[in-house]
Amino acid sequence: MPAHPTDPHSGASSWLQSRWARALPRDELQAVAGDVWERSFPAGATVATKGQAADHWMGVLEGMVKVDTNRADGRSTTFIGVSSGGWLGEGAVLKGERRPYDVVALQDSRIAFLPRASFLWLYEHSLAFNHFLITQLNARLAQFIVSVERSRIHTTAEQIAFGLASLLDPVLNPEAGCRVRISHEELGKLCGVSRQVAAKGLHTLAQQGLIRLEYGVIEVRDSTALRSAAGLAG
DNA sequence: TCATTAAATTGTT
DNA sequence: AACAATTTAATGA
């Protein structure tokens, strides 16, 4: 089968390949299948704005987004990055609250949207969906706990390793490859350090052979060693 | 296809 | 933080 002309990669991932969708029984999947829609965003575009009603649960089919908040002085703090295969925004959808943070595309990205009503239907009716949700929330909670623990004591290289490892988390970002397309500056924001400090940590990790640096790309060569460098269990 | 230009990213002070 | 150097992407002959 020839690939679609606008899509250079033959394996354009659909939301149907998402972990939660594959876990659903056929009838439950059919109940919401027609409700999902997709939209593409160029790098830098805002996917969801802080303060908006949270009417959708969002999935990253291609590309990467960050969840952050802009302060009055114009600077921003990044909380998490979500890459291919990851889903986000369930917190506000569940609680029926407004979006607490901005969601911004870091690369050209294709995002899937599941309407809140469909999300809540799955929440009420699907055991498999609830298992997925618990697993996802548990993984994210673990990430934040380790993040708080590590942010004080550890070296910058370890902080960077942690930030990188979180982008590759197999539960939260299942389809992320080993080539991470992110600038030193954005990775620094994700880790709460300056661009210079992020670059220094990256070079340390590169010297240790855990990663290889290219222009705009960080290639992870040994993800197991990277995770242990970040203080995460195997 | 190749040269030019702009934009993004990285390096240096 | 500001500036310089480098790489990539886009444009047009």
Side-chain angles (χ1 to χ4, degrees), chain A residues 2-13 38-50 58 60-86 88 101-111 147 150-152 154-169 173 175-223 225-227 229-230:
Chain A
H4 191 278
T6 61
D7 181 20
H9 304 294
S10 55
S13 63
E38 297 178 11
R39 192 181 146 192
S40 291
F41 295 85
T46 299
V47 176
T49 305
K50 178 179 178 177
M58 295 166 281
V60 180
L61 303 180
E62 234 172 284
M64 177 157 62
V65 302
K66 64 174 177 178
V67 176
D68 73 357
T69 184
N70 284 309
R71 303 192 318 207
D73 59 5
R75 296 198 286 182
S76 65
T77 309
T78 301
F79 296 111
I80 58 173
V82 182
S83 53
S84 291
L88 70 157
Y101 309 111
D102 290 317
V103 179
V104 177
L106 285 179
Q107 319 163 10
D108 294 350
S109 301
R110 197 156 52 85
I111 310 295
S147 163
R150 302 278 142 180
S151 60
R152 301 163 184 165
H154 284 65
T155 68
T156 57
E158 287 167 315
Q159 286 185 55
I160 300 300
F162 176 79
L164 257 182
S166 69
L167 288 175
L168 300 181
D169 185 301
N173 303 306
E175 290 161 35
C178 60
R179 291 171 59 80
V180 182
R181 170 96 188 62
I182 191 172
S183 67
H184 297 179
E185 173 144 31
E186 288 297 344
L187 185 62
K189 283 184 194 172
L190 181 62
C191 301
V193 302
S194 69
R195 175 167 77 87
Q196 285 94 331
V197 171
K200 196 167 181 80
L202 282 169
H203 286 118
T204 302
L205 294 173
Q207 276 190 332
Q208 295 169 349
L210 305 186
I211 62 175
R212 203 167 66 81
L213 295 175
E214 296 169 29
Y215 183 86
V217 172
I218 301 163
E219 182 181 285
V220 177
R221 315 206 87 171
D222 188 340
S223 64
L226 184 71
R227 283 175 65 79

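Chain letters run A, B, ... following the sequence lines, proteins first, then strands; residues in each count from 1. Only a predicted model underlies this, so the values are computations on that prediction, with no experimental measurement involved.
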Q | Residues in side-chain hydrogen bond (donor to acceptor under 3.5 Å, both in side chains) contact with R179(A), at least two apart in sequence or another chain | A | E214(A), E219(A)
Q: Under the side-chain hydrogen bond (donor to acceptor under 3.5 Å, both in side chains) rule, collect the residues that match up with Q196(A), sequence neighbours excluded.
A: none
Q: Quick one: which residue pairs count as a ring-ring contact (aromatic ring centres under 6.0 Å, His included) with a foot in residues 176-203 of chain A, not counting sequence neighbours?
A: none
Q: Taking side-chain hydrogen bond (donor to acceptor under 3.5 Å, both in side chains) as the test, write out the residues that go with N173(A), two or more places apart.
A: none
Q) Taking only residues two or more places apart in sequence, or in another chain, which ones meet V197(A) in a side chain to side chain contact (heavy atoms under 4.5 Å, CB included)? A) T156(A), V193(A), S194(A)
Q) With sequence neighbours left out, which residue pairs that include part of residues 189-206 of chain A fulfil the salt bridge (Lys or Arg N to Asp or Glu O under 4.0 Å) condition? A) E186(A)-K189(A)
Q) Which two nucleotides bound the region of DNA chain B that has atoms under 4.0 Å from heavy atoms of chain A, read 5' to 3'? A) dA8(B) to dT12(B)
Please write out each protein N/O paired with an N/O of nucleotides 3-10 of chain C under 3.5 Å, distance rounded to 0.1 Å.
from	atom 1	to	atom 2	distance (Å)
dT7(C)	O2	Y215(A)	OH	3.0

Q) Any salt bridge (Lys or Arg N to Asp or Glu O under 4.0 Å) pairs touching residues 73-83 of chain A, not counting sequence neighbours? A) R71(A)-D73(A), D73(A)-R75(A)
